[in-house]
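Below is one structure, written out as structure tokens; comments come after it.
The structure presented is a predicted model; accordingly, all values stated were derived computationally and were not measured. In listed order, ligands and their atoms are each counted from 1.
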Amino acid sequence: MELILPIEKYLDSYKEARSEYLEHKVREYEFLNTDKFDVFEVIRNYREGIGLPERYVSATYLWLVDKGAFIGEASIRHELTESLLRFGGHIGYGIRVKRWKQGYGTILLQKALEYACKTIKLDKVLITCNDNNIGSYKIIEKNGGILQDKVINIINGNERLTRRYWIDCK
Ligand SMILES: CC(C)(COP(=O)(O)OP(=O)(O)OC[C@H]1O[C@@H](n2cnc3c(N)ncnc32)[C@H](O)[C@@H]1OP(=O)(O)O)[C@@H](O)C(=O)NCCC(=O)NCCS
């Protein structure tokens, strides 16, 4: 199992994973829109900070792959904004629905943290999640996340309690 920069070989299973997310109406993390865009171009532009929407920062997308199939994605923001400090943090992630509760989320975050610290050279990493996202806060805590606080955010008109965790890069 490895966490890699996205490549064509896994695009079909990435598309399947996205369809699963749409069917299950998963809102906490979105895979990139493969119908409208060339995802590899989008990913390259994010990484290099080219033509990003206003107030967006550079980000590296990585894919967790195993036995020839896409398992999950991490998106590592290279810096924080006021908005990311409250909601979003440095790392967003999603595991494809049919692979939930099999330990993949814990491994994905472990490898993404390693990349954020060693390759992107962050000193400390902020990870946020909804207060009721048990799977997400479990994988953050299993990876050494220290809960700083919980803040109230308005997301799409709804009040949401957001947990903010920090992890120091050693
Ligand atoms: C959150 C998510 C990444 C967890 O991934 P996963 O591969 O299921 O996580 P793991 O298998 O490593 O599970 C870690 C722990 O959380 C528990 N867990 C996972 N999902 C859970 C759920 N829905 N309810 C309760 N516990 C859950 C597991 O049982 C495991 O517990 P244990 O350590 O006591 O054995 C995955 O559910 C997902 O992609 N969700 C949609 C996107 C999302 O929420 N992203 C996070 C945004 S902050």
Side-chain angles (χ1 to χ4, degrees), residues 1-4 6 10-11 13-34 39 42-43 46 56-57 59-117 120 122 124-167:
M1 196 182 326
E2 34 174 9
L3 188 69
I4 58 164
Y10 300 101
L11 183 59
S13 53
Y14 185 79
K15 287 181 179 174
E16 286 165 20
R18 180 168 181 270
S19 304
E20 288 167 17
Y21 259 35
L22 295 175
E23 267 171 44
H24 280 76
K25 299 190 170 41
V26 177
R27 300 199 196 288
E28 291 83 353
Y29 185 82
E30 277 179 38
F31 292 125
L32 295 164
N33 189 336
T34 47
V39 289
V42 173
I43 287 168
Y46 262 108
Y56 275 57
V57 295
T60 297
Y61 283 82
L62 297 167
W63 286 356
L64 185 72
V65 297
D66 193 23
K67 300 187 186 87
F70 168 85
I71 304 285
E73 179 175 80
S75 153
I76 308 177
R77 268 74 74 164
H78 298 181
E79 58 187 302
L80 294 175
T81 59
E82 282 302 311
S83 156
L84 287 170
L85 258 171
R86 290 192 66 83
F87 181 82
H90 282 108
I91 308 183
Y93 42 84
I95 295 292
R96 66 183 299 179
V97 175
K98 70 178 187 186
R99 293 281 174 253
W100 283 359
K101 293 195 184 178
Q102 296 166 37
Y104 286 113
T106 307
I107 295 171
L108 172 80
L109 186 57
Q110 182 212 320
K111 290 180 181 295
L113 279 165
E114 206 175 295
Y115 195 96
C117 294
I120 300 179
L122 300 179
K124 54 181 192 164
V125 178
L126 176 68
I127 307 177
T128 71
C129 73
N130 286 332
D131 191 46
N132 60 5
N133 193 337
I134 303 174
S136 190
Y137 69 67
K138 274 195 161 182
I139 72 176
I140 299 169
E141 289 176 0
K142 286 173 100 169
N143 277 288
I146 305 292
L147 182 64
Q148 173 187 286
D149 56 12
K150 298 182 184 184
V151 289
I152 294 169
N153 286 303
I154 308 294
I155 314 285
N156 301 327
N158 300 312
E159 208 171 85
R160 289 282 186 83
L161 192 56
T162 303
R163 291 180 180 224
R164 301 198 288 188
Y165 287 91
W166 285 97
I167 298 173

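Nearest non-hydrogen protein atom to atom 14 (C) of ligand 1 is Ile139 CG2, 3.4 Å. Scanning the protein for heavy atoms near atom 43 (C) of ligand 1, the closest one is Glu28 CB, 3.5 Å. Regarding atom 7 (O) of ligand 1, its nearest protein heavy-atom neighbour is Gly105 N, 2.8 Å. Protein heavy atom at the shortest distance from atom 44 (O) of ligand 1 is Asn133 ND2, 2.8 Å. Gly135 CA, 3.6 Å is the protein heavy atom nearest to atom 18 (N) of ligand 1. Atom 1 (C) of ligand 1 has its closest protein heavy atom at Ser136 N, 3.7 Å.
The shortest distance between side-chain heavy atoms of Val26 and Trp100 falls below 4.5 Å. Side-chain contact check for Asn33 versus Arg18: some heavy-atom pair is nearer than 4.5 Å. When side chains are defined from C-beta on, Val125 counts as touching Ile91, because their heavy atoms get closer than 4.5 Å. Side-chain contact between His90 and Leu122 is present, with heavy atoms from C-beta onward closer than 4.5 Å.
Around the CD atom of Glu30, the shell of radius 6.0 Å holds no more than 12 heavy atoms that belong to other residues, nucleotides or ligands.
The proximity of Thr128 to ligand 1, defined as any non-hydrogen pair under 4.0 Å, is limited to the backbone. Under 4.0 angstrom from ligand 1, the non-hydrogen atoms of Val26 all belong to its side chain. Contacts with ligand 1 closer than 4.0 Å are made by heavy atoms of both the backbone and the side chain of Ile95. Counting heavy atoms closer than 4.0 Å to ligand 1, residue Lys142 contributes side-chain atoms (C-beta onward) but none from N, CA, C or O. Contact annotation: for Tyr21 versus ligand 1, heavy atoms closer than 4.0 Å belong to the side chain alone. The side chain of Lys138, and not its backbone, has at least one atom closer than 4.0 Å to an atom of ligand 1 (non-hydrogen atoms only; side chain from C-beta on).
A pairwise comparison of heavy atoms in Tyr21 and Ile95 identifies OH-O, 3.0 Å as the closest pair. In this structure, Ile76 and Ala116 approach most closely via the heavy-atom pair CG2-CB, 4.0 Å.
A salt bridge (Lys or Arg N to Asp or Glu O under 4.0 Å) with Glu20 is found for one member of Lys15, Arg99, Arg96 and no other, namely Arg96.
Remark: atom 21 (C) of ligand 1 lies closer than 4.0 Å to at least one protein heavy atom. Of the protein's heavy atoms, at least one falls inside 4.0 Å of atom 46 (C) of ligand 1.
Figure legend: cation-pi geometry between Arg163 and Tyr137, with NZ or CZ positioned under 6.0 Å from the six-membered ring centre and within 45° of its axis.
The heavy atom nearest to atom 40 (N) of ligand 1, out of those in Tyr29, Tyr104, Trp100, is found in Trp100. In the candidate list Arg99, Lys101, Gln110, Lys101 is nearest to atom 24 (N) of ligand 1, counting heavy atoms.
Applying the 4.0 Å criterion to heavy atoms of Gly94 picks out, from ligand 1, the atoms 39 (O). Interface atoms of ligand 1 facing Cys129, defined by a heavy-atom separation under 4.0 Å, are 48 (S). Heavy-atom contacts of Gln102 reach the following atoms of ligand 1: 11 (O) (cutoff under 4.0 Å). The ligand atoms of ligand 1 that sit less than 4.0 angstrom from a heavy atom of Thr106 are 10 (P), 12 (O), 14 (C). The Ile134 neighbourhood of ligand 1 comprises atoms 25 (C), 26 (N), with distances under 4.0 Å to a heavy atom of that residue. Taking a cut-off of under 4.0 Å to the non-hydrogen atoms of Gly103, the atoms of ligand 1 that pass are 10 (P), 11 (O), 12 (O).
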Before you tell me yes or no, could you show the steps for Glu2 and Leu64 under side chain to side chain contact (heavy atoms under 4.5 Å, CB included), namely the whole-Å CA-CA distance, both residues' side-chain angles and the distance that decides it to 0.1 Å?
CA-CA 6 Å; Glu2 34 174 9; Leu64 185 72; over 6 Å; no

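Here Tyr93 and Tyr29 keep their ring centres 6.0 angstrom or further from each other. Residues Trp63 and Phe70 bring their aromatic ring centres within 6.0 Å.
No side-chain donor from either of Arg160 and Asn153 sits under 3.5 Å from a side-chain acceptor of the other.
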